Amino acid sequence: MEAASQIIESLPSTPARFSPTLSESQQQQQDGEWRDIIPNLLTKSDFEALSDRLGRVVREEVAQLRADMANVEARMAVAETETRALRTDLEQTNTAVMTQEADIAYLTTWVDDLDNRGRRLNLRVRGVREGGPSENVPEVLRQIFTHILGGQQVPRIGLVRAHRALRPLPAPEEQPRDIICCLDNYHLKEEILRTARRMGAVRMEGQTISVYQDLSRYTLQARRALRPVTSALQQAGIQYRWGYPFLLSARHGQDQLIVRKPGDVPGFLRSLGLPPQQVPDWLARSFLQQVPGPQFPRRPNAGPQRPQQQRQRDRNPGPARREQ
């Protein structure tokens with residue numbers, strides 16, 4: 001290449017003008033110039049050497065590119081394998097999370113059912129003025145229950161325990177706290193509750209008193225979450241009822257429609273011909289609030305100890321209970 005450059009540079013910038021009438025001296029000078037140029041021209045061997053060198057360089061570059069491409073392909077294959085493995089792990093994790101969420105929801109409902117069963121002798125009385133530290137809550141409740149039962153002489157209203165409930169955080173200070181009590185007679189408790197429901201609001205000594213079944217915190221929050229649904233049912237004139245373990249049921253023709261979990265709400269409303277409602281997920285752990293403090297003991301720890309087999313059956317209720 002250097003020889004070719006030198007040859008090109010040695011050529012005159014303008015082609016010589018050949019004239020048929022050259023003198024002998026001019027002809028000799030021109031022949032001498034050609035004799036000086038011809039030995040410096042590239043030969044066939046020079047072109048072959050140049051071609052071989054260029055081909056070798058190209059082959060080396062192509063080989064390097066192929067090696068790089070093979071490395072990239074290998075790395076892509078590893079990345080695709082790892083991506084497939086991660087996708088499989090993610091699917092398994094999602095399945096495990098969904099299974100755990102379903103188990104948590106089942107256990108939450110189960111524990112809530114046990115909690116409500118433990119409260120079946122409890123009543124919650126609302127609207128009773130607080131009497132200060134010296135307040136005799138059991139005596140106040142006996143007067144209220146006697147008034148509800150029409151003043152009839154009840155042989156005995158047995159209160160196992162009674163006390164003021166903890167004040168909810170949003171409640172104003174002037175609002176009296178509820179009274180939670182546990183009676184020792186289930187039939188008497190049901191009679192008081194039914195009579196109070198028929199009366200609507202119990203008016204006594206300038207107070208408006210309400211009596212409710214004492215329910216678990218989870219049940220109260222779930223019912224509060226379903227308030228848009230129950231409001232729609234009331235506006236449509238559709239009767240509904242609550243059940244245990246937690247459920248909301250309504251009858252449509254010959255069909256009994258039931259809501260047990262948040263996913264049942266859209267189909268429940270659609271079957272009743274009601275518009276959709278926004279309902280929070282009451283099974284979500286973020287929705288379930290922590291209890292602000294110790295709750296009222298629902299039942300005294302009395303009576304003979306149960307046999308070990310009975311306690312084991314209570315802890316492991318078996319398939320029949322799980323199907324409920």
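For clarity, every value in this text was computed on a predicted model and none was experimentally measured.
A side chain to side chain contact (heavy atoms under 4.5 Å, CB included) with Tyr240 is found for exactly one of Leu248, Leu272, Val259, namely Leu248. Residue Asp214 is tested with Lys189, Arg124, Arg120 for a salt bridge (charged side-chain N to carboxylate O under 4.0 Å, His left out); the sole match is Arg124.
You'll find the side chain of Gln92 stays beyond 4.5 Å of the side chain of Arg87, heavy atoms only. For the pair Ser271/Leu257, a side-chain contact is recorded, criterion being any heavy-atom separation below 4.5 Å from C-beta on. Taking the side chain as every heavy atom from C-beta outward, Leu283 and Lys261 approach each other to under 4.5 Å. Within the 4.5 Å cutoff, the side chain of Glu60 has no heavy atoms near those of the Gln64 side chain. For the pair Tyr218 and Val111, the minimum side-chain heavy-atom distance is 4.5 Å or more. Using a 4.5 Å heavy-atom threshold, the side chains of Phe145 and Leu183 count as touching. Counting only heavy atoms from C-beta outward, the side chains of Arg223 and Phe246 approach each other to under 4.5 Å. With a 4.5 Å cut-off on side-chain heavy atoms, Ile258 and Arg260 count as touching.
Between Arg251 atom CZ and Ile238 atom CD1 the span is 13.0 Å, to the nearest 0.5 Å. The OG atom of Ser210 sits 12.0 Å away from atom CZ of Arg197, with the distance rounded to the nearest 0.5 Å. In this structure, OG1 on Thr95 lies 7.0 Å from CD on Glu91, to the nearest 0.5 angstrom. Atoms CG and CG, from Leu193 and Asn122 in turn, are 11.5 Å apart once rounded to the nearest 0.5 Å. Here Thr109 contributes atom OG1 and Ile104 contributes atom CD1; the two are 11.5 Å apart, rounded to the nearest 0.5 Å. Interatomic distance, CG of Leu274 versus NE2 of His252, reported as 9.5 Å (0.5 Å rounding).
The hydrophobic clustering, which links ILVMFWY residues whose side-chain heavy atoms are closer than 4.5 Å, places Leu141 and Leu149 together. Criterion: ILVMFWY side-chain heavy atoms under 4.5 Å apart, direct or through other members. Under it, Leu123 and Met199 are part of a common hydrophobic cluster. Hydrophobic clustering of Ile, Leu, Val, Met, Phe, Trp and Tyr side chains at less than 4.5 Å, counting indirect connections, keeps Val140 apart from Tyr212. A single hydrophobic cluster is not seen to contain both Tyr244 and Leu247; linkage of ILVMFWY side chains at heavy-atom distances under 4.5 Å, directly or through other members, places them apart. Linking Ile, Leu, Val, Met, Phe, Trp and Tyr residues whenever their side-chain heavy atoms come within less than 4.5 Å places Ile179 and Met204 in a single cluster.
Ion pair Arg119/Asp115 flagged as a salt bridge, since at least one NZ, NE, NH1 or NH2 atom sits closer than 4.0 Å to an Asp/Glu carboxylate oxygen. Salt-bridge annotation for Arg117 and Asp113: present, with a side-chain N of the basic residue lying under 4.0 Å from a carboxylate O of the acidic one.
Within a 6.0 Å sphere centred on CD of Gln256, other residues, nucleotides and ligands contribute more than 12 heavy atoms.
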Checklist entry - Can you check side chain to side chain contact (heavy atoms under 4.5 Å, CB included) on Asp184 and Leu121, steps first, answer last? => result CA-CA 7 Å; Asp184 62 356; Leu121 293 175; over 6 Å; no

Next on the checklist: Could you go through Val265 and Leu226, starting from their C-alpha distance and side-chain angles, then the distance that decides it, and tell me whether this counts as side chain to side chain contact (heavy atoms under 4.5 Å, CB included)?
Outcome noted: CA-CA 9 Å; Val265 174; Leu226 283 171; 4.0 Å; yes

Next on the checklist: side chain to side chain contact (heavy atoms under 4.5 Å, CB included), that's the test. Do Val58 and Arg53 meet it? Break it down for me.
Outcome noted: CA-CA 9 Å; Val58 171; Arg53 183 179 177 184; over 6 Å; no

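The backbone N or O of Arg129 sits less than 3.5 Å from a side-chain atom of Gln207, completing a donor-acceptor pair. Using a distance-only test at 3.5 Å, with no hydrogens or angles considered, no donor-acceptor pair links the side chain of Thr195 to the main chain of Ile192. Between the side chain of His147 and the backbone N or O of Arg203 there is at least one donor-acceptor pair closer than 3.5 Å. The main-chain N or O of Trp282 is never found under 3.5 Å from a side-chain atom of Gln221 such that the two would form a donor-acceptor pair.
Checking Thr219 against Asn116 by side-chain atom types alone, a donor-acceptor pair falls below 3.5 Å.
Nearest heavy-atom pair across Val229 and Gln277 is CG2-CB, 4.5 Å. Closest approach of Ala225 to Val279, counting heavy atoms only: O-CG1, 3.4 Å.
The aromatic rings of Trp110 and Tyr106 lie tilted to each other, with the angle between the two planes from 30° to 60°.
Checked against salt bridge (Lys or Arg N to Asp or Glu O under 4.0 Å), Arg126 has the following partners two or more places apart in sequence or in another chain: Asp178.
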